[in-house]
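Notes for the one structure printed next.
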Amino acid sequence: MKKQTSDHPDKLINGSGEPEAAQHGFTLLEGGLCSSIPDSKKRFASAYVTNTRLMGVLALYAHWTVAGGGDIHQFFYIDCEETGLESCKVYRGDWNMEMQMAEQALVGGLGAQKIPITVNVFRWILQQWRDFNIEHGLPLPRNKSDYEFIFDKTAKLSASEQAELMDQICGAITSDYQVVNYFLMRCFGQDHEGAAYVAAEDVPLDIFSNYHRTTFCKNIIDPSDRRFAGPPEKRPHEYICESLVETDGIYETIITRIIVMDLKVVDFEYCNKAPVTQTEAAILLRKTEYATVYEFFMEDEDIEENLGEFVLNMNTVMTRHPNGRLFMAFKPTNAHVDERVFMLSNDVKGVYFLSDYGQLIVCAYSPEDILELEEDLAAGPLSPFLIITGKYELLNPVLFEFINSDYTDFQAFISPVE
């Protein structure tokens, strides 16, 4: 199976100097449908990688066919900041709902395009991150027998092929706002390779080397008063940034000066920092929450059969909670990075919380988004089972407080603060 949409580039990255059979992933292993993965004869069918390198993560998928019948589907998750090659999930058989759900859980929240790649590139990417884990003393996914065969052949890419791959997995950079936000995000994440992609060669990348496991929560970009000589289209642009970051529950604001020219950071200076209390951080990150409450008339066994409607058709990622299921809907791209005021949470379109007590609470953070979520429900097959019982505009988000409370009714939970 090859995953490709009209937004994906038609060009497959090649970069393999191997014979044709090797390029298509042939091995000399024996076995068939009932054989274990290491012992089966596998043929490469297709693969993709997401274009989310500058967000600090990558997801990969590969499809292999097995001699004698059957298929192998692999899903990999790579954390480019901390854990490297973090997980591998493998499924055997025809593409089905379980695999669709696994793909949605892996890719649905990344705002990604799926870039088709050759087996050589697929192997090369996984080699790099396997080596990253080994060099940093990080564990590899435990089910090694499900993926070790990938490393039976050493993949090689030339410098130009590596640069082409980096262009594809980083996506298009079209504005100074993207450059600044990605650069700071990668620097705070100690991801110097990612930061270097949007910077000139002589720009320091380790200025925040004392920050570890730091979350880049918010960034405000303002142009400075400094003006440069030269034609307008060739002039650098200087920006002053105020970044809110969090490390182990401790918040700070960091002020930096960044100069951008030709969509690259050409100068970078740390100015100062200030501590921020958790209360102050909550105010800085606060959003208005728009909530619509429904009564949901469906038997438990029918709900189980219709989970795919929430996860797949509404493009959400599901998590289970003690009193219900949370379905988080993400925006289809990472356009929130291309904003003067960046907030990490702005990739969320909205959330659905289906309680175990017959309520469906739908929340979003703008009037436009809550209306779109309501319209999606009204147009879907679950509409006959839903009745709206209330709509609310809440100055302070409370849904997650409700989920973690002992309340079973959302409207009762918010009634003291109405």
Side-chain angles (χ1 to χ4, degrees), residues 1-27 37 42-66 71-80 84-91 95 99-100 102-104 106-108 110-133 140-141 146-173 193-194 197 332-334:
M1 183 194 71
K2 180 171 289 183
K3 304 292 272 186
Q4 186 169 0
T5 73
S6 59
D7 293 330
H8 299 157
D10 294 329
K11 182 177 181 183
L12 297 183
I13 302 169
N14 199 314
S16 173
E18 300 174 347
E20 183 179 355
Q23 287 188 31
H24 287 83
F26 287 112
T27 71
I37 288 178
K42 297 168 286 291
R43 184 180 187 276
F44 177 79
S46 65
Y48 69 70
V49 62
T50 57
N51 64 338
T52 50
R53 178 64 185 83
L54 290 179
M55 295 301 295
V57 297
L58 289 172
L60 292 94
Y61 162 81
H63 173 205
W64 308 81
T65 57
V66 179
D71 298 88
I72 298 170
H73 305 269
Q74 297 173 312
F75 299 93
F76 293 89
Y77 184 84
I78 295 169
D79 179 339
C80 305
L85 181 51
E86 183 176 304
S87 68
C88 171
K89 290 188 176 182
V90 178
Y91 299 85
W95 186 255
M99 298 173 200
Q100 285 182 276
E103 182 180 54
Q104 181 66 15
L106 183 70
V107 179
L110 300 184
Q113 292 181 18
K114 302 168 189 173
I115 308 301
I117 52 176
T118 63
V119 64
N120 189 59
V121 173
F122 174 73
R123 284 183 169 133
W124 187 87
I125 294 171
L126 289 176
Q127 277 177 196
Q128 303 308 303
W129 291 101
R130 176 202 59 180
D131 294 347
F132 175 91
N133 284 41
L140 289 164
D146 287 344
Y147 62 86
E148 278 190 320
F149 71 88
I150 294 166
F151 307 120
D152 290 345
K153 289 184 173 66
T154 300
K156 296 181 180 180
L157 294 182
S158 67
S160 63
E161 290 163 346
Q162 291 179 39
E164 181 184 3
L165 174 62
M166 195 67 173
D167 286 342
Q168 293 202 352
I169 64 177
C170 288
I173 303 295
E193 179 187 56
Y197 183 77
T333 70
N334 288 307

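None of these values were measured; they are calculated from a predicted model. Values reported hereafter were calculated over all heavy atoms of this structure, with side chains retained and with hydrogens, waters and symmetry mates removed.
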Rounded to the nearest 0.5 Å, what's the gap from [atom1] on [X] to [atom2] on [Y]? Could you check?
X	Y	atom1	atom2	result
Q128	L165	CD	CG	9.5 Å
I117	L60	CD1	CG	5.5 Å
L126	F151	CG	CZ	5.0 Å
I78	T52	CD1	OG1	9.5 Å
I150	Q127	CD1	CD	10.0 Å

Is there side-chain contact between [X] and [Y], with heavy atoms separated by less than 4.5 Å?
X	Y	answer
Q74	F122	yes
M55	L110	no
W129	L58	yes
V121	V49	no
F76	L85	yes

Shortest non-hydrogen contact from [X] to [Y]?
X	Y	answer
V107	K114	CG1-CE, 4.2 Å
G111	N334	O-ND2, 3.4 Å
T118	F44	C-CZ, 4.0 Å
R123	A155	CB-CB, 3.7 Å
M166	Y197	CG-CD1, 3.5 Å
Q113	N51	N-OD1, 2.8 Å

> Sequence neighbours excluded, which residues qualify as side chain to side chain contact (heavy atoms under 4.5 Å, CB included) partners of L106?
Replying inline: A59, F75, Y77
>> Could you work out, with salt bridge (charged side-chain N to carboxylate O under 4.0 Å, His left out) as the rule, every residue matching E193, not counting sequence neighbours?
In response: R53
> With under 30° as parallel and over 60° as perpendicular, where do the rings of H73 and H63 fit, or are they tilted in between?
Replying inline: parallel
> Is a side-chain donor-acceptor pair under 3.5 Å present for Y91 with D71?
Replying inline: no
